[in-house]
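For reference, the structure discussed in these notes is given below.
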There are 2 protein chains.
Amino acid sequence: MAPDRARGLPAPPSSRDKILDVAEARFARAGFGGVGMREVADEAGLGKSSLFHHFPSKDALYFEAVKRTLERIAAGIEPALRGPGSAIERLRATSDAMVDALAEHPTTAPLLLRSLFEMYPLADDVPPEGQAVDVVLQRLIGQLQGLVHDGIASGEFRDVSVPDTTQTLIGAAVFHFASGEFGEDLFGGASLFSAKAVARRRDELREFFLHALVRHPI
Amino acid sequence: MAPDRARGLPAPPSSRDKILDVAEARFARAGFGGVGMREVADEAGLGKSSLFHHFPSKDALYFEAVKRTLERIAAGIEPALRGPGSAIERLRATSDAMVDALAEHPTTAPLLLRSLFEMYPLADDVPPEGQAVDVVLQRLIGQLQGLVHDGIASGEFRDVSVPDTTQTLIGAAVFHFASGEFGEDLFGGASLFSAKAVARRRDELREFFLHALVRHPI
DNA sequence: GTCTATAGTGAGATAGAC
DNA sequence: GTCTATCTCACTATAGAC
């Protein structure tokens, strides 16, 4: 579309992208009900009405932000999930990819966690944008379950419950990077997103999962 | 106070307790911003103004509900955390106690998860009720870190990062019971809180943790 | 595509009778 | 301790000029 993109020039951020950036950060921190359209507009440097020009409703904005985050995560970890190699090798790569995807932006994990455990900003009807979120989520979870299943079938993993183990892997991976101030306190106030902290988390989580699942750990 | 309590008669639930029950359920599902004082009052069978007679503000109600939940959890798992025996035995007991405490009410885990990762319903000032929540939380987390530390010091556990492992244990334990519809979908629509599902979760999580941490798994 | 102005609704919170 | 009535304010969303 924009010819400048092909020449490697820095793409000027559209208002739409700016709005989504702000919305992603605010919704991640305060949840759907805790964010007003006015504050999003202010931080994006627009009038409140301009916001409704780009997104027809607050619901649409929320789900669009969640969808963008989920697709970034999926792009990061699906290659590892579907990769070649044994289940052990795929588990290794997937754990590392999960950590890297969740550590990319501080807003990613909180927003993912919210989309996993509150799925209903409005109690009644789910708009079409919400269904698109579900599609990406179901695909990811299915592949994660498949990995656990394959490891059991090949005898590489212990004979665990596939859905229980899936829940455990998700909770262990996502919570850490969603834990905000609480997590930082645990690490003496240090950021969870520094290169050093991320590298340590990557190693710790991978070894934790491997020891927990692999039948004959070395 | 009430002399009837000493005779074992069923204690009539006070309006205050009724309000807290309703608030706990609603805040767990929808978060601070997603709940209105009117709906709480309606479901508790009171007028909105009566609610403000019992709790001076929405913030106070929220933190009081969170505090009550946290204290119930602490009462359930602190005996296991502080119990006698080796680190392995304490980890076993603690994992089981965590599952039982989180499975007691469907609202417990979501509300705990929220208190862990959003700690700030209002961005600016933290009311005194919020600090009481922090005290309980810090005590619990400290004991959990202590357990991991003891296991490493005694050589029972691998040489893991204590804060990272603490985060992993919390995430793995709490997320499952907070995952609501998402989790039920994973288990083919079955409730996460049936006796059978809880028993399986207890076994799976305990074995997962033991294999992940114990130096020479059997 | 952005703005000003405003409609219309519901929120949290208070006053004061009973 | 509960109620009715009300205040004030912020919210989502829309209309229409530029």
Side-chain angles (χ1 to χ4, degrees), chain A residues 1-2 4 11-27 29-66 118 120-130, chain B residues 1-2 4 11-27 29-66 118 120-130:
Chain A
M1 307 166 180
D4 289 346
S14 66
S15 287
R16 197 170 186 279
D17 290 337
K18 221 176 205 166
I19 293 169
L20 279 173
D21 288 341
V22 174
E24 187 178 309
R26 298 257 164 177
F27 284 133
R29 234 175 301 154
F32 180 83
V35 176
M37 293 297 260
R38 186 204 171 112
E39 54 179 303
V40 175
D42 285 355
E43 196 183 324
L46 272 77
K48 199 174 44 166
S49 299
S50 306
L51 222 145
F52 282 93
H53 172 80
H54 292 280
F55 301 92
S57 71
K58 186 185 174 184
D59 286 46
L61 174 59
Y62 177 78
F63 282 116
E64 198 66 30
V66 171
E118 59 188 3
Y120 30 65
L122 294 182
D124 34 12
D125 54 337
V126 182
E129 297 89 350
Chain B
M1 305 172 178
D4 289 345
S14 67
S15 286
R16 198 170 185 279
D17 290 337
K18 220 175 205 168
I19 293 168
L20 279 173
D21 288 340
V22 174
E24 188 178 309
R26 299 255 165 178
F27 283 134
R29 234 175 299 155
F32 181 83
V35 176
M37 294 296 261
R38 187 207 171 108
E39 54 179 304
V40 176
D42 285 354
E43 196 182 325
L46 272 79
K48 198 173 51 164
S49 299
S50 306
L51 221 144
F52 282 93
H53 172 78
H54 293 279
F55 300 92
S57 71
K58 186 184 173 183
D59 287 46
L61 174 60
Y62 178 78
F63 282 116
E64 199 66 29
V66 171
E118 58 188 5
Y120 29 64
L122 294 182
D124 35 13
D125 54 337
V126 181
E129 297 90 350

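We name chains A, B, ... by the order of the sequence lines, and we start the count at 1 in each one.
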| message | It should be established whether Ser15(B) places a side-chain nitrogen or oxygen under 4.0 Å from OP1 or OP2 of nucleotide dT2(D). | response | yes
Roughly, in whole Å, what's the span from [atom1] in [X] to [atom2] in [N]?
{"X": "Lys58(A)", "N": "dA10(D)", "atom1": "NZ", "atom2": "P", "value": "15 Å"}
{"X": "Asp42(B)", "N": "dG10(C)", "atom1": "CG", "atom2": "P", "value": "13 Å"}
{"X": "Arg38(B)", "N": "dT6(D)", "atom1": "CZ", "atom2": "P", "value": "16 Å"}
{"X": "Met37(A)", "N": "dA11(C)", "atom1": "CE", "atom2": "P", "value": "19 Å"}
{"X": "Tyr62(B)", "N": "dA13(C)", "atom1": "OH", "atom2": "P", "value": "15 Å"}

Measure the shortest side-chain to side-chain distance between [X] and [Y] over non-hydrogen atoms and say whether it is less than 4.5 angstrom.
{"X": "Phe27(A)", "Y": "Val66(A)", "value": "no"}
{"X": "Leu20(A)", "Y": "Arg16(A)", "value": "yes"}
{"X": "Glu64(A)", "Y": "His54(A)", "value": "no"}
{"X": "Leu51(A)", "Y": "Ile19(A)", "value": "yes"}

| field | All side-chain hydrogen bond (donor to acceptor under 3.5 Å, both in side chains) counterparts of Ser14(A), not counting sequence neighbours | value | Asp17(A)
| task | For Val35(A), report the nucleic acid contact type (base, sugar-phosphate, nothing); a contact means any heavy atom under 4.0 Å. | result | sugar-phosphate
Could you give the side-chain donor-acceptor pairs of residues 30-44 of chain A under 3.5 Å, partners two or more places apart or in another chain?
residue  : atom : partner  : partner atom : Å
Glu39(A) : OE1  : Arg26(A) : NH1          : 2.5
Glu39(A) : OE2  : Gly36(A) : N            : 2.8
Glu43(A) : OE1  : Arg26(A) : NE           : 2.8
Glu43(A) : OE1  : Arg26(A) : NH2          : 2.4

| Hey, can you pull the residues of residues 45-54 of chain A with a non-hydrogen atom under 4.0 angstrom from DNA chain C? | Leu46(A), Gly47(A), Ser49(A), Ser50(A), His53(A), His54(A)
